Amino acid sequence: MSVDLSGDQYFSSNPAPDSIHRHAELVRDFIASHPDRRIALVTSGGTTVPLEKRTVRFIDNFSAGTRGAKSAEHFLDAGYAVIFMHREFSLTPYAQHWSHLKDGFLGLLTEDPTGVVTVDSERQQEVLRVFRKYKKTRDDNLLLLIPFTTVTDYLHELRSIARLLDSVGSNGLLYLAAAVSDFFIPPDRMSEHKIQSTDAADATPTDKVAGKGGENDLAEEEFDNFDSCPPVLRSKRLVIDLDPVPKFLKALVEAWAPGCMVVSFKLETDPNLLIEKAKIALARYQHDLVVGNLLETRQKEVVFVTPGGAEEWIRLPKTGEVKEIEGLIVPAIIRLHDEYIKSHDQKK
Ligand code: PAZ
């Protein structure tokens with residue numbers, strides 16, 4: 001039997017989140033209220049892969065949402081409207097500035113002698129600077145927050161929002177910084193209820209290994225380890241069988257938002273793979289840019305890989321005005337978006 005990697009079967013067999021239509025309405029209104037503005041769809045945070053339909057346990061993808069939240073602020077600073085599609089409860093623009101405080105926003109506050117709570121004097125300037133930006137963004141309705149949790153929610157939301165964003169043509173930019181799982185459990189193989197551990201074997205497996213003289217010697221196949229780990233009864237193990245998530249970028253570029261500029265991110269841990277994988281992605285999906293980054297250095301350096309095969313490293317200087325790498329990544333992408341819009345205008 002062949003595996004469907006085109007995505008159609010995935011969308012028909014994996015139900016959309018309940019919020020999909022409400023979110024689509026919000027996005028439609030948001031886009032309509034910014035007819036002449038550039039709009040960036042920023043995806044951010046990791047997706048989950050539920051192990052059960054009534055989910056107690058899930059596999060998660062690494063990502064705090066730092067890249068996405070900081071990048072969104074830079075797009076807003078540059079005058080873009082931003083649809084911020086993020087993992088629920090991951091970092092969000094503006095609030096992210098204080099998310100790492102031990103006591104959250106309470107750590108910013110102080111009480112004056114009359115019982116009024118204010119921002120601590122040492123933090124006044126910093127809070128005021130961010131608050132003014134946040135307030136302007138809110139008052140001008142420039143930021144729309146759309147949450148997701150699972151990889152399936154993510155893909156349904158992305159497809160729905162990308163199709164809507166395509167209506168703005170080259171003014172639309174997709175900035176795909178979320179960390180999306182490559183594997184999932186199809187609904188027909190997913191347990192309805194919490195997966196149970198069994199009580200089939202309470203004695204330690206090694207007591208029972210055939211040949212060790214235990215009274216209850218078990219058949220060899222009950223210890224069917226395929227590696228050199230100590231034997232564990234099959235009935236005690238949880239073996240998770242995952243299918244590949246369809247490669248959605250091709251559909252996104254060709255069908256969902258063919259008029260918009262598409263930037264994807266690639267995270268690797270092996271430096272020898274990064275550029276090669278970025279080039280393969282560009283060749284396969286024909287989009288506009290891959291931003292490569294390595295887990296350990298992602299906040300200090302990234303590499304832009306473009307369809308012509310050019311590689312350009314962007315590094316955060318140790319000193320200077322720019323304090324976060326998104327302050328270099330986003331302006332560089334906006335310059336590429338300028339060119340993208342120009343070349344599309346010429347084609348009209
Ligand atoms: O959210 P964060 O700042 O902790 O991490 C950002 C990132 C590494 C997830 C992002 O830059 C990225 O590479 N996203 C794509 C991941 C992927 O290859 O699926």
Side-chain angles (χ1 to χ4, degrees), residues 38 40-47 61-75 77-78 80 82 84-87 90-91 93 96 158 172-182 245 247-250 252-253 257 260-343:
R38 294 185 190 185
L41 168 61
V42 175
T43 71
S44 182
T47 60
N61 247 63
F62 153 85
S63 172
T66 314
R67 172 85 76 228
K70 286 182 187 289
S71 300
E73 288 186 23
H74 289 282
F75 280 116
D77 280 351
Y80 280 63
V82 173
F84 189 68
M85 211 185 113
H86 64 288
R87 163 75 174 276
S90 67
L91 296 183
Q96 58 92 11
L158 181 66
L173 168 68
L174 289 98
Y175 182 91
L176 307 174
V180 183
S181 174
D182 287 329
V245 168
K247 299 293 182 196
F248 62 88
L249 256 181
K250 197 163 181 60
L252 178 106
V253 172
C260 301
M261 178 171 165
V262 179
V263 177
S264 73
F265 278 73
K266 172 132 306 278
L267 174 69
E268 291 296 339
T269 52
D270 179 350
N272 297 319
L273 288 182
L274 185 62
I275 306 266
E276 195 48 33
K277 293 288 288 286
K279 286 184 177 169
I280 292 172
L282 280 173
R284 194 173 282 163
Y285 310 123
Q286 303 284 304
H287 57 306
D288 301 289
L289 175 70
V290 175
V291 182
N293 53 174
L294 293 164
L295 184 65
E296 278 83 14
T297 56
R298 69 191 190 284
Q299 285 166 356
K300 295 196 184 89
E301 60 177 18
V302 300
V303 58
F304 276 24
V305 183
T306 43
E311 303 155 22
E312 190 196 338
W313 283 92
I314 295 189
R315 296 193 167 90
L316 184 66
K318 289 211 170 68
T319 54
E321 242 175 62
V322 182
K323 301 281 183 243
E324 56 196 26
I325 194 152
E326 291 77 12
L328 299 173
I329 298 173
V330 171
I333 288 180
I334 291 176
R335 286 193 290 278
L336 293 173
H337 196 199
D338 293 341
E339 286 169 27
Y340 182 90
I341 291 172
K342 246 186 248 155
S343 74

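Worth saying up front: this structure is predicted, and the values here are computed from it rather than measured.
Val263 has its side chain out of reach of His287: every pair of non-hydrogen atoms, C-beta onward, lies at least 4.5 Å apart. Residues Pro93 and Val82 form no side-chain contact, since every pair of their non-hydrogen atoms from C-beta on lies 4.5 Å or further apart. Side-chain contact between Lys247 and Asp182 is present, with heavy atoms from C-beta onward closer than 4.5 Å. Looking at Lys266 and Leu274, their side chains come closer than 4.5 Å, going by heavy atoms from C-beta outward.
Atom CG in Leu289 sits 10.5 Å away from atom CG in Leu176 (nearest 0.5 Å). Between Thr66 atom OG1 and Leu91 atom CG the span is 4.5 Å, to the nearest 0.5 Å. Taken from CG in Leu173 to CZ in Phe75, the straight-line distance is 5.0 Å, to the nearest 0.5 Å. The CG atom of Leu294 lies 8.5 Å from the CG atom of Asp270; values are rounded to the nearest 0.5 Å. How far CG of Leu328 is from CG of Leu316: 6.0 Å, rounded to the nearest 0.5 Å. Taken to the nearest 0.5 Å, the CG atom of Leu252 stands 8.5 Å off from the CG atom of Leu41.
Judged purely by atom type and a 3.5 angstrom limit, Asp288 uses its side chain to pair as donor or acceptor with the backbone of Val262. Not one N or O on the side chain of Ser90 forms a donor-acceptor pair closer than 3.5 Å with the backbone of Gly65. Thr47 contributes a side-chain N or O that, together with a main-chain N or O of Ser181, makes up a donor-acceptor pair within less than 3.5 Å. Side-chain atoms of His86 come within 3.5 Å of backbone N or O of Phe84 as a donor-acceptor pair.
Scanning all heavy atoms of the two residues, the minimum distance from Tyr340 to Cys260 falls at OH-O, 2.9 Å. Here the closest heavy-atom approach between residue Ser63 and residue Gly46 is recorded as CB-N, 3.7 Å. Scanning both residues, Met261 and Leu336, for their nearest heavy atoms gives CE-CB, 3.7 Å. Closest approach of Lys70 to His74, counting heavy atoms only: O-CD2, 3.0 Å. In terms of heavy-atom proximity, Gly68 sits nearest to Val42 at O-CG1, 3.7 Å. Phe304 approaches Ile329 most closely through the heavy-atom pair CZ-O, 3.8 Å.
Evaluation of the side chain to side chain donor-acceptor pair (under 3.5 Å) test over residues 294-307, restricted to residues two or more places apart or in two chains, returns Glu301-Arg315.
Partners of Arg284 under the side-chain contact (heavy atoms from CB on, under 4.5 Å) rule, at least two apart in sequence or in another chain, are Ile280.
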Trace of the side chain to side chain donor-acceptor pair (under 3.5 Å) decision for Tyr80 with His337:
CA-CA 12 Å; Tyr80 280 63; His337 196 199; 2.7 Å; yes
Using side chain to side chain contact (heavy atoms under 4.5 Å, CB included), reason through Leu158 and Thr43 one step at a time and then give a plain yes or no.
CA-CA 9 Å; Leu158 181 66; Thr43 71; 4.2 Å; yes
Go through the steps to decide whether Lys279 and Glu311 satisfy the test side chain to side chain contact (heavy atoms under 4.5 Å, CB included), and finish with yes or no.
CA-CA 10 Å; Lys279 286 184 177 169; Glu311 303 155 22; 3.0 Å; yes
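Using modelled atom types, one finds a donor on one side chain and an acceptor on the other under 3.5 Å when comparing Arg67 with Asn293. In this model, a donor atom of one side chain and an acceptor atom of the other lie less than 3.5 Å apart for Tyr175 and Ser71.
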